[in-house]
Amino acid sequence: MDDLIKGKELNEELNIVYRYLCKLGVPKEDAKDAVQEAAIKYLLHFDSIPLKKIRSWLIRVALNFYYDQYRKQKRINLDVNLKKVAADFKENPESIYLEMEKNNDLKQAIAKLKPDYQEMLFLKYQLALSYDEIGQIVNKSLASVKTNLFRAKKQLAKVYKEATENER
């Protein structure tokens with residue numbers, strides 16, 4: 001009977017992780033795959049995971065799986081209205097080209113950061129998570145999250161400035 005209760009509790013936790021991933025904007029099919037992978041890894045390693053940290057552990061495993069799959073597929077989600085871009089391009093192609101160059105420079109600068117900094121910036125600015133949510137996901141204190149984000153932004157500004165100065 002205890003196994004059934006544990007199974008129900010695990011199922012509830014996995015449902016929470018699934019809803020969380022969907023809230024972050026992960027496509028439903030990808031979220032299902034990530035949750036399934038997290039469940040499998042949990043079943044393999046349940047004895048080494050502290051009871052209080054199961055949810056954050058499951059979220060971390062699911063997110064890591066999703067990030068890995070995303071990188072492997074090299075999918076690029078563009079939230080662009082093509083008609084608007086085409087209309088703007090006809091009116092002012094220079095500004096669109098300059099904006100694209102600026103975005104490309106920013107992507108290159110982010111790629112030069114440490115992976116931890118890239119992850120922090122992604123969680124904060126792409127997924128719009130709160131400091132508390134980031135702390136739970138990366139298993140760090142609130143103060144540590146704020147410090148790392150500050151350092152990541154400072155490092156990004158430095159790298160970006162150097163890159164744009166070298167182009168001139």
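Just so you know, these numbers use all the heavy atoms, side chains as well, and skip hydrogens, waters and symmetry mates. On a predicted model such as this, the values are computed, not experimentally measured, just so you know.
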Between CG on residue N148 and CE on residue M120, distance to nearest 0.5 Å: 4.5 Å
Connected hydrophobic set around I16, excluding itself, where side chains approach under 4.5 Å: none
Heavy-atom closest pair, residues P27 and Y66: CD-OH, 3.9 Å
Atom pair CG (L142) and NZ (K146), whose distance is rounded to the nearest 0.5 Å: 4.5 Å
L14 to A39 - nearest heavy-atom pair and separation: CD1-CB, 3.6 Å
Shared hydrophobic cluster for L43 and F65 (ILVMFWY, side-chain gaps under 4.5 Å): no
Pairwise side-chain contact, K158 with E162, heavy-atom cut-off 4.5 Å (strictly under): yes
Contact summary for V17 and R55, nearest pair of heavy atoms: CG2-O, 4.5 Å
Side chain to side chain contact (heavy atoms under 4.5 Å, CB included) between I59 and Q136, intermediate numbers included: CA-CA 9 Å; I59 288 172; Q136 287 178 344; 5.9 Å; no
Hydrophobic cluster identity match, F150 and L123, side-chain contacts under 4.5 Å: no
Under 3.5 Å side-chain donor-acceptor pair for N64 and R60: yes
Co-members of L44 in a cluster of I, L, V, M, F, W and Y side chains, linked at under 4.5 Å: I40
Whether E37 side chain and A62 backbone form a donor-acceptor pair below 3.5 Å: no
Point-to-point distance, once rounded to the nearest 0.5 Å, from CZ of F122 to CG of L24: 8.0 Å
S130 to K124 - nearest heavy-atom pair and separation: CA-NZ, 4.4 Å
pair Y131-L149: side-chain heavy atoms closer than 4.5 Å: yes
Separation between CG of D30 and CG of L21, rounded to the nearest 0.5 Å: 9.5 Å
Note: K23-E133 ion pair, threshold 4.0 Å (strictly below): yes
A152 to L113 - nearest heavy-atom pair and separation: O-CD1, 4.2 Å
Exercise: identify the closest heavy-atom pair between A31 and C22: CB-SG, 4.1 Å
Value rounded to 0.5 Å, distance of CD1 in I49 from CG in L58: 6.5 Å
Connected via hydrophobic side-chain network under 4.5 Å: F46 and V35: yes
V26-V61 co-clustered via ILVMFWY side chain contacts under 4.5 Å: yes
Heavy-atom check, side chain of E13 versus side chain of W57, under 4.5 Å: no
Spacing of CG belonging to L156 relative to OH belonging to Y117, to within rounding of 0.5 Å: 11.5 Å
